[in-house]
Amino acid sequence: MPYFANPLLRNIIIKSPFDSIKRKKCLQYLKTLRTLQYDGFKTIYFGETEIPESLITGEDFGDGYFKQSPSWCILHAGGSHGWVPWKYRMFLRDELCVRQDDGLFFEFCDVAKKAYGKCAIVVKDGRRHNEMRPNENKESQAQAHVPSVINLTSIMCSPEVAKSCGHELLSLPSLYSYLNPLDSAWSFLKWFIINNRKEFCLRSIDGAYVYQYILLSSLISKGIERINPSKWRTLTNKVRRWENYYLGKFS
């Protein structure tokens, strides 16, 4: 009787022809980051996450009925010292296609300079690896870990803008999300929303109708506040161990 490998296991053991290139990109990123750290640059991780309305309200679409609902995009940054002392931004995703503040990244870089001095600003590369096309220059492209611009949903991150404030902008390859503590911070925030949304609800009865309000801004602010500098140090220390592992094993 033929035996078929578990699909999950099969995904783990099958290798892509571009694995070595991806690994080289990751190693190049790590070596550049370490060089900057030795030169006195503080590491901060900058990025965004999506908060769908269903996560906030607790609506269940398990019956198969799907209703298009809005979602919010939260933009913030943090590092081993905690959240960057910058007013995080929250955008309604539908508005981002028609409105994007070009000066927002400069504002962030200026705040980071005043708070920490020169920084290595790490942004996760949003490009999908299945979009990669084989070509003769693939090997040389593996060294280019700093793109001209990193486009997130809500902001455009420019290396030139970062350099104007004394920073360096680094692109973290998307497959190596566990080298980005901000992803874990976003997970903490979403769990906080799920577990505490009822405490931020208000009800109003108007005749035959009952209205429910959710204090979204307060809910998000409290969730971000709960991810304190101690938790950030735990997250960044975990990332540091992964970095040491990769540098020691593949360098």
Side-chain angles (χ1 to χ4, degrees), residues 29-49 51 72-91 100-126 145-172 176-190 192 217-243:
Y29 156 77
L30 290 175
K31 290 176 180 178
T32 304
L33 179 61
R34 283 296 167 90
T35 300
L36 292 172
Q37 290 171 341
Y38 292 146
D39 288 342
F41 284 75
K42 302 292 184 183
T43 307
I44 54 179
Y45 300 86
F46 185 65
E48 62 189 7
T49 191
I51 306 293
W72 285 264
C73 182
I74 300 177
L75 182 71
H76 208 352
S80 59
H81 293 86
W83 294 106
V84 174
W86 175 69
K87 181 176 175 57
Y88 70 89
R89 298 298 199 275
M90 184 165 62
F91 304 96
Q100 194 177 60
D101 189 349
D102 294 334
L104 194 56
F105 187 61
F106 176 79
E107 176 192 319
F108 169 78
C109 289
D110 187 53
V111 170
K113 179 181 179 180
K114 293 176 181 177
Y116 307 119
K118 56 185 182 180
C119 299
I121 302 174
V122 178
V123 181
K124 186 168 66 174
D125 188 351
H145 63 284
V146 183
S148 57
V149 169
I150 304 177
N151 282 304
L152 302 180
T153 305
S154 57
I155 194 171
M156 182 178 67
C157 305
S158 166
E160 288 74 21
V161 172
K163 284 181 180 293
S164 70
C165 294
H167 307 312
E168 291 290 339
L169 181 67
L170 299 182
S171 173
L172 172 64
Y176 299 91
S177 296
Y178 45 87
L179 297 180
N180 184 2
L182 186 58
D183 280 5
S184 297
W186 293 139
S187 296
F188 276 121
L189 174 62
K190 291 175 182 179
F192 178 87
S217 181
S218 299
L219 177 60
I220 298 295
S221 296
K222 182 60 69 173
I224 288 177
E225 182 183 319
R226 288 291 182 88
I227 308 169
N228 54 37
S230 177
K231 286 185 178 179
W232 266 106
R233 282 192 294 271
T234 300
L235 296 176
T236 53
N237 287 339
K238 183 178 179 181
V239 166
R240 184 80 175 187
R241 290 194 294 271
W242 272 112
E243 292 173 350

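Given the structure is predicted, the values throughout are model-derived calculations rather than measurements.
- Heavy atoms only, all atoms of each residue included: Leu169 and Pro159 are closest at CD2-N, 3.6 Å.
- Among all heavy-atom pairs drawn from Leu33 and Ala120, the shortest one is CD1-CB, 4.0 Å.
- The nearest pair of heavy atoms linking Leu219 to Phe192 is O-CE2, 3.6 Å.
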side-chain contact (heavy atoms from CB on, under 4.5 Å) between Tyr45 and Val239, intermediate numbers included: CA-CA 12 Å; Tyr45 300 86; Val239 166; 4.1 Å; yes
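- Scanning for salt bridge (Lys or Arg N to Asp or Glu O under 4.0 Å) contacts around Glu225 gives Lys222, with sequence neighbours left out.
- Using the six-membered ring where Trp is involved, Trp83 and His76 have ring planes that are parallel, under 30° apart on the 30 and 60° scheme.
- Contact of the Tyr116 side chain with the Pro85 side chain is registered, since non-hydrogen atoms from C-beta on lie closer than 4.5 Å.
- Ser164 places a side-chain N or O within 3.5 Å of a backbone atom of Val161 that can act as its donor or acceptor partner.
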Going through the distances and angles, do Leu182 and Trp232 end up as a side-chain contact (heavy atoms from CB on, under 4.5 Å)? CA-CA 9 Å; Leu182 186 58; Trp232 266 106; 3.8 Å; yes
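- The structure places CD1 of Ile220 at 9.5 Å from CH2 of Trp72, a figure rounded to the nearest 0.5 Å.
- Residues satisfying the side-chain contact (heavy atoms from CB on, under 4.5 Å) test with Thr49, not counting sequence neighbours, are Ile51, Ile74, Trp186, Lys190.
- Phe105 approaches Ser158 most closely through the heavy-atom pair CE2-O, 3.4 Å.
- Ring geometry for Tyr176 versus Tyr178: interplanar angle over 60°, hence perpendicular rather than tilted (30 to 60°).
- Judged by distance alone, the side chain of Glu48 and the main-chain N or O of Leu152 form no donor-acceptor pair under 3.5 Å.
- The main-chain N or O of Ile121 is never found under 3.5 Å from a side-chain atom of His167 such that the two would form a donor-acceptor pair.
- Ion pairing between a basic and an acidic side chain is recognised when a charged N comes within 4.0 Å of a carboxylate O; Glu107 and Lys87 show no such pairing.
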Could you walk me through whether Phe188 and Leu235 pass the side-chain contact (heavy atoms from CB on, under 4.5 Å) check? CA-CA 11 Å; Phe188 276 121; Leu235 296 176; 3.9 Å; yes
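- To the nearest 0.5 Å, the span separating NZ on Lys113 from CZ on Phe108 amounts to 14.0 Å.
- Here Thr35 pairs with Asp39 under the side-chain contact (heavy atoms from CB on, under 4.5 Å) rule; sequence neighbours left out.
- Ser177 pairs by the side-chain contact (heavy atoms from CB on, under 4.5 Å) definition with Lys124, Asp183, not counting sequence neighbours.
- Val84 is not listed as a side-chain neighbour of Phe46, based on a closest heavy-atom distance of 4.5 Å or more.
- Using a 4.5 Å heavy-atom cutoff, the side chains of Val122 and Asn180 are not in contact.
- Within the structure, the salt bridge (charged side-chain N to carboxylate O under 4.0 Å, His left out) test picks out the following pairs touching residues 154-171 (sequence neighbours left out): Lys163-Glu168.
- Contact record, Ala162 with Cys109: CA-SG, 4.0 Å, taken as the closest heavy-atom pair.
- Identified under the salt bridge (charged side-chain N to carboxylate O under 4.0 Å, His left out) test for residues 228-240, with sequence neighbours left out: none.
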Does the side-chain contact (heavy atoms from CB on, under 4.5 Å) test come out yes or no for Leu189 and Ile227, once each step is laid out? CA-CA 8 Å; Leu189 174 62; Ile227 308 169; 4.3 Å; yes
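- Closest of all the heavy-atom pairs between Pro181 and Thr236 is CG-CG2, 3.9 Å.
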